[in-house]
Each structure stands twice: as structure tokens, then as C-alpha cells.
Amino acid sequence: MKNVNKITGAEAILLSLMKEDIDTIFGYPGGAMMPIYDKIYSKGRSIKHILVRHEQGAAHAAQAYAQVSGKPGVCFATSGPGATNLITGIANAHLDSIPVIFITAQVPSMLLGTDAFQETDMISLSMPVTKWNYQVTSAEEIPDVIAKAFFFATTGRPGPVLIDVTKDAQLGTLDFNYKSIKSIRSYNPSPAIQDEDINQAISLIASSERPLLLAGHGILLAGATSQLKTFTDKTKIPCAVTLMGKSAISEDHPYYVGMLGMHGNYAPNILTNKADLIIAAGMRFDDRVTGDLKRYATDAKIIHVDIDKAELNKNVRSHLAIHANIKDFFDRIIPRITYQTPENWIEQFRQLNAIEEEKVVRKDCFPGNGKIHAGEVIYLLSRKTNGEAVVVTDVGQNQMLAARYYQYKNPNTLITSGGLGTMGFGLPAAMGAQVGRPDNTVILFTGDGGFQMTVQELGTVFQYNLPVKIVIFNNNFLGMVRQWQQLFNEKRYAETNMPTPDFPLLAKAFGIEGELVKDRTEIPGALDRMLEHSGPYLLEIKTEKEANVFPMIYPGKAVDEIVLEP
């Protein structure tokens, strides 16, 4: 006789997710996943499922959802190609430290290792790009494994996890009992700060004359934006951000001095090599930030605070390496710090920023005549939305320009692919951001190349009437690659010229409104129509074909060798 108190593994998966306060899943069904999807059907409206058009889209959408909502993203895919289509998205979440729970279906356990239809070893494939993974072969394991997955994904340095569930585990039964996990032996995600570390940090700051604070993505992940503001207000230490640290501090803050890195701002890059103290807060000294490591911050003592011990002294040697949550660090040091930055040091940033304003920003944002530049569109949209939209980018010139010219005021309002640099990230990520913040204006800035990589997700946008505002900068080139070919390959534009479809017509085929802009005078009205439209809207803007993004640190150069023009 059937035990009526038992439930199937498939139902246990959904109930476990609901116990973790998950109400939204991004995914795509398939044969090995059918038991789970059957339970989604029977659960009705208790859990929302967003049907994407490709599994990679589900992965990117789940990541963006996690970034804007504060909840872990959840993503489903079936076995074989469904699961392997997630790998790029998993790697993207891994490099950007985003908590996403990936649940893939697998062939029945008795067929494991037999090269059965649509069998792929997802544990081996995903191991390098997940924080933790596990293959479930019996229904009884499901609640405990999901609880562990959430704990690993959301604690310490966040990251993606993968659970691979065989079909017989989905169909098997169990007595359901879910308990959230608060600790796991040998895993310490919350290292304690030592008093001596705080004392040394205060001493190093007190003895500095030219300090510079580098704020990374860890500030946002730790929810430490208010602490960052308080620390900066109190000390007046100039604060620069990494690409992924954008929106950690409002860009109208008096001591915000710009973005670091290859296409960052002139002042913080130049003055990195004049600083006598660098405070690296929740950032990992990525190569795009440091340039030539041998010539990076040569005059500075370095305080590096990071939740991931492996990042300390990995790329840049620190004078004081603190293994800690950056929020805890600020909470401990703010009450005790009395330091004030000398005004002459702050003035150096203002002077260099004025040079960049004159030589680069005015040309990008106020060109006056000639072909349309993407920078002027982004700058105008920033003003029209008061810097308060959720901005999503694809990868390439559109990404760098959106980082440079939108003036971010609120935390977690720039969603972009930082570590992996994934073209095609933009459209599905914009969907996830809109689902995560349904009441916010979500603007996607994308190029014609990246947009075509995941263009099928217009179907998802249409199905769920997601009011994403899509801005395509169309220069009929893979713009960033073309820029490098111009600068370093004597304009040998090998396979970067790209004819494109009629994007507004394509959008219309999906039931989405749109228009094409070719003339500068049309821009303000088109932006207003897009922002005022209640549903999704696609705006294609024909831009200058050979426009470049500057400033730029050329490959192999030091940060203070940043150039303002070719």
C-alpha cells in the first residue's frame, strides 16, 4: 500500500526551495526533468517559473535576479545538452561571486557511466566553476543537499553551486523534513577580525599622506555600502571603484573619484602609482585593474581586506592582509578612526578629472555634430532617470561606456559580466533584473554583436511582458575587438564587420514595440517614448562605426601610463 505521508523527490526539491524563501525559478524543461516540472504544474502559483528560450539565458537571468533581489537565484535544466548549456552562465556567476543554485536533471542512477542518451558528467564539468557541487542518486538525500547548497552559496565569498539529480531520485519517495543549515564542520565562512589587525590598519592610515581606497564588488556582496559611505565621509579618503564595485558608492559623493582599470578614469589610475597607502576593500586586484603588476602601486603600503583568504597576497603583496568580511572591518574601524585626508591630495584628483573631462568626456557626451556617439545617449538617459535605473550591459564598448557615463546613485544598479566578459549576457540578465525588481526601470545597453548571441530571449520578454528598455548601439562592428585591431593590428579588421537585421522589425515579430534612430536630433524624443512606454521597448541607435573608448591602459602598460587618446 502507498504511504500517503511520503512525497516524491521532485516535490521535495520544490518544497525545499520554498523553505528557503525561493518563489522564482528560471529554467527549461526536458525528458530527465519531467518529474520536477510536473510538480511545478501541480503547485500552481506557489512558485513562479520563467520559461527562457535557451538554458544559458536562464543562468544569466538567475544571476542578475540574485544581484538585484538579494536572494539566491535558482536555475533548472535537463540532462545532457540542457545542463551543458548552463556552463558559461555558471562560470560567469563563479567569477563574479554570485549565489545561484543550479539544479540539473540526470539519467537514472543505474545508467550512470554507460553513455546513456543525454548523459553528461556534470559534476566533473562544473567542478572548476562552482563553489560546491553534488550528485543526488536517492530521494532521501534531497532536503539535506539543498540545505547545504544554500549555505555554501550564500556564506563567505558567495558563488554558484550545482546539484545534479538522477531521474530515479526525482521519482523516489521520502518522508520530508527540511532543516536549514547554519554551520558545517571545517568550513568557516565568517572569520573573526583580530584587534591587532584593526590597530595596524589605523596606524598605517594615520601615517599616510596620500591614501586611496579601492572599493570592489565585495562591498555590494557584503551589504556594506552604508559603512563605505560613513568611512569615506569621516576620513575624506578618495574612493575609487572597480567595474564590479560600481554603485557601491553614489557617484555624486564628494570623495568618489572614479573607476579603476583599463577603461577607467584618468585620476584614480594615474594616482594609484603616487599613493602612499592603498586600502583594497573587497576587491581582488584583477589584471584589468592593475596593469603591469611589477609597476603597480610601487610607492604604496597596501591594506587588503577580503572574505576569501585565497585572494590575499595572490596578485599583489600586502603589508597588512586581513581575512574578514568587509562589513565587519568597517564596523570595527569606523568608531576608532580619526584620520582626515590632506586637501592637497584630494585636489590632485580634481585636477586630473578636469583634464579627462576636457579631453574625453566632452567629446563623448557632447559631440555636437557628426555621427551619434553611445556616450551621449547613456549620459542623457542617466539624466532622464536621475541615475536611479537598474542598468544592465552586455560586454564590449557598450559595457565600458555604460560604466563610465551612467551616474549610479543606488547599490546594485549596474549588472554586468565582469570576470568572464560574456557576450550575450545582457538581454537575459535584463530579464532577470526586471523579474527581481519589477517596480524599477531596467535599461539594457548592448551592442549589435552581443545582442544577437541571445536574441531569442525576446520571446521570454514578450511572454512575461517584462518592461525592459533595450538600447542597441549598432555600429555594424564587434566594436571592442575592432578598436584593438585599429590600435594594434594596423586596422586589419578581420571578421569584425557585422551586417545586422532590422532590430525594431525583429522586435515587432515578438510583439515588442521599437524604433530606429539615425539622427542626433531624434534622440531625446525616442528616449522619452521608450521610458514612457508601459511594456518592453527596443531602441536601435546607429552609432559611429569607428568610435573608440578612452581613456585606455594598453596591454602590458602600467596604470599611470593610461592614455586619453590614440
Side-chain angles (χ1 to χ4, degrees), residues 60 64 92 96 243-244 246-247 259 261-264 288 360-361 363-365 367 371-382 385 389-408 413-431 433 441-455 457-458 468-486 496-498 500-501 503-504 507 514 516-517 523 526-527 530 537-552:
H60 295 326
N92 201 92
D96 288 345
L243 172 64
M244 293 301 294
K246 273 273 174 172
S247 80
M259 183 174 73
M262 180 173 282
H263 291 290
R288 289 295 175 102
V360 180
V361 177
K363 294 178 182 178
D364 284 353
C365 298
K371 298 289 186 180
I372 298 171
H373 194 286
E376 61 184 301
V377 178
I378 295 166
Y379 177 80
L380 185 55
L381 263 176
S382 180
T385 56
V390 176
V391 171
V392 183
T393 82
D394 210 274
V395 168
Q397 290 181 322
N398 66 88
Q399 177 186 36
M400 294 296 102
L401 292 167
R404 286 179 52 78
Y405 295 132
Y406 195 91
Q407 302 298 297
Y408 302 90
T413 51
L414 173 61
I415 308 301
T416 194
S417 173
L420 197 62
T422 305
M423 286 183 69
F425 174 82
L427 181 57
M431 296 175 347
T441 298
V442 174
I443 301 172
L444 167 63
F445 293 118
T446 181
D448 48 295
F451 184 74
Q452 290 182 85
M453 286 193 168
T454 49
V455 65
E457 296 305 335
L458 286 175
V468 175
K469 312 309 179 189
I470 302 165
V471 180
I472 303 174
F473 297 120
N474 189 354
N475 57 9
N476 294 113
F477 265 119
L478 298 178
M480 189 62 83
V481 183
R482 184 216 53 77
Q483 177 170 334
W484 281 52
Q485 289 172 332
Q486 176 185 336
T496 47
N497 189 281
M498 181 178 284
T500 55
F503 288 116
L516 172 65
V517 172
I523 294 173
L527 296 183
M530 179 182 74
Y537 202 92
L538 184 149
L539 190 61
E540 178 186 358
I541 301 179
K542 290 287 188 179
T543 57
E544 183 180 346
K545 289 179 70 69
E546 294 185 280
N548 292 325
V549 182
F550 280 91
M552 184 175 181

Verdict with reasoning, Tyr406 to Thr385, per side chain to side chain donor-acceptor pair (under 3.5 Å): CA-CA 10 Å; Tyr406 195 91; Thr385 56; 2.5 Å; yes

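For Val455, the side-chain contact (heavy atoms from CB on, under 4.5 Å) partners at least two apart in sequence or on another chain are Phe451, Leu458, Leu506. The salt bridge (Lys or Arg N to Asp or Glu O under 4.0 Å) test applied to Glu540 returns Lys542, not counting sequence neighbours. Residues satisfying the salt bridge (Lys or Arg N to Asp or Glu O under 4.0 Å) test with Lys469, not counting sequence neighbours, are none. Under the rule for a side-chain contact (heavy atoms from CB on, under 4.5 Å), the partners of Lys363 that lie at least two apart in sequence or sit in another chain are Glu565. Applying the side-chain contact (heavy atoms from CB on, under 4.5 Å) test to Thr422 and every residue at least two apart in sequence or in another chain returns Gln56, His60, Thr88, Asn92, Ser417, Leu420, Phe425. Applying the side chain to side chain donor-acceptor pair (under 3.5 Å) criterion to Thr441, with sequence neighbours excluded, gives no partner residue. Applying the salt bridge (Lys or Arg N to Asp or Glu O under 4.0 Å) criterion to Arg482, with sequence neighbours excluded, gives no partner residue. Under the side chain to side chain donor-acceptor pair (under 3.5 Å) criterion, Asp96 pairs with no residue, sequence neighbours left out. With sequence neighbours excluded, the residues that form a side-chain contact (heavy atoms from CB on, under 4.5 Å) with Lys545 are Asn476, Phe477, Asn497. Considering only residues two or more places apart in sequence or on other chains, Tyr379 meets the ring pair (Phe, Tyr, Trp, His ring centres under 6.0 Å) condition with Phe366. Scanning for side chain to side chain donor-acceptor pair (under 3.5 Å) contacts around Thr393 gives Thr416, with sequence neighbours left out. Among residues two or more places apart in sequence or in another chain, the ring pair (Phe, Tyr, Trp, His ring centres under 6.0 Å) test is passed with Tyr537 by His533.
For the residue pair Asn474/Thr500, the side-chain donor-acceptor check at 3.5 Å is satisfied. Looking only at atom types and distance, the side chain of Gln397 has a donor-acceptor partner in the side chain of Gln483 under 3.5 Å away.
With values rounded to the nearest 0.5 angstrom, Leu538 atom CG is found 5.0 Å from Ile470 atom CD1. With rounding to the nearest 0.5 Å, the separation of CG in Leu243 from CD in Gln399 is 5.5 Å. In this structure, Ser382 OG and Tyr405 OH are separated by 12.5 Å, a value rounded to the nearest 0.5 Å. Of the inter-residue distances, the one linking Gln407 atom CD with Thr413 atom OG1 reads 11.0 Å to the nearest 0.5 angstrom.
Distance alone, capped at 3.5 Å, places no donor-acceptor pair between the Lys371 side chain and the Thr543 backbone. In this structure a side-chain-to-backbone donor-acceptor pair under 3.5 Å is missing from Glu376 to Ile372. Looking at Asp394, its side chain does come within 3.5 Å of a backbone N or O of Gly426 through a donor-acceptor pair.
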